[in-house]
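Convention: sequence-line order gives letters A, B, ...; per-chain numbering from 1.
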Amino acid sequence: EAAVTQSPRSKVAVTGGKVTLSCHQTNNHDYMYWYRQDTGHGLRLIHYSYVADSTEKGDIPDGYKASRPSQENFSLILELASLSQTAVYFCASSETGRHNQAPLFGEGTRLSVL
Amino acid sequence: GQQVQQSPASLVLQEGENAELQCNFSSTATQLQWFYQRPGGSLVSLLYNPSGTKHTGRLTSTTVTKERRSSLHISSSQITDSGTYFCAMVGGSNYKLTFGKGTLLTVTP
């Protein structure tokens with residue numbers, strides 16, 4: 001069964017610390033995405049990737065790095081976590097970038113930066 | 001950049017009533033999708049509808065591309081329909097989905 005698995009599901013981090021959010025997909029999809037959701041808002045794209053070892057900037061990449069070491073895995077890295085990065089983060093994968101087939105989303109990671 | 005506006009921001013219905021959700025976007029959409037997010041949960045795709053009218057179950061989406069708008073009609077709402085509904089679009093050759101802020105639907109007994 002197609003799946004996108006995120007870990008951890010929740011995390012508390014300290015300001016200035018390093019945080020790594022992981023995403024694993026078993027869908028054999030080329031495209032993977034990291035989105036951020038803030039309370040009362042839609043999702044905003046942080047980074048995406050369409051092939052292993054390559055990442056692209058989304059709409060709000062500042063303060064975030066991404067890594068795609070394999071087709072299945074896509075990580076989001078916060079080198080110096082800040083209070084403003086408290087949010088829910090969603091990973092998604094899709095077969096193509098054209099979204100005529102809907103992306104599959106993970107369950108989300110709730111990040112609190114204190 | 002691309003912008004997506006949804007209305008209403010929130011909607012409260014009694015079970016059995018119909019819901020009409022609206023989505024307006026700032027540029028021509030080549031892809032248009034509706035998503036559902038259960039409270040505290042993930043997003044699931046409901047309908048892919050870049051133009052025309054699409055049905056699935058109690059859901060009907062109508063997208064008028066020239067007028068840059070789409071609607072989602074939910075008939076005979078159920079308590080389990082409660083959650084947030086998002087409209088998301090892709091414009092031109094851009095591969096990025098741009099989401100609206102969502103409509104929070106609450107269905108009461």
> Considering residues, nucleotides and ligands other than B:Q5, do more than 12 of their heavy atoms fall under 6.0 Å from its CD?
Replying inline: no
> Do other residues, nucleotides or ligands put more than 12 heavy atoms under 6.0 Å from the CD atom of B:Q78?
Replying inline: yes
>> Tell me whether the count of non-hydrogen atoms from other residues, nucleotides or ligands lying under 6.0 Å of NZ in B:K54 goes above 12.
In response: yes
>> Looking at every non-hydrogen atom in both residues, tell me the closest pair between A:G42 and B:F86 and how far apart they are.
In response: CA-CE2, 3.5 Å
> Could you give the distance from CG (B:L43) to CG (A:L43), rounded to the nearest 0.5 Å?
Replying inline: 5.5 Å
> Side chain, backbone, both or neither: which part of B:Q37 has a non-hydrogen atom closer than 4.5 Å to chain A?
Replying inline: side chain
>> Starting from A:L111, can I reach A:F74 by hopping between I/L/V/M/F/W/Y residues whose side chains sit under 4.5 Å apart?
In response: yes
>> Could you walk me through whether B:L97 and A:Y35 satisfy the side chain to side chain contact (heavy atoms under 4.5 Å, CB included) test, starting with their C-alpha distance in whole Å, then the side-chain angles of each, then the deciding distance to 0.1 Å, before giving a yes or no?
In response: CA-CA 10 Å; B:L97 271 173; A:Y35 288 91; 3.6 Å; yes
>> Looking at every heavy atom in both A:F105 and B:S42, which two are closest together, and how far apart are they?
In response: CB-OG, 3.3 Å
>> Starting from B:W34, can I reach A:Y33 by hopping between I/L/V/M/F/W/Y residues whose side chains sit under 4.5 Å apart?
In response: no
> Tell me, side chain or backbone of A:Q37 under 4.5 Å from chain B's heavy atoms, or both, or neither?
Replying inline: side chain
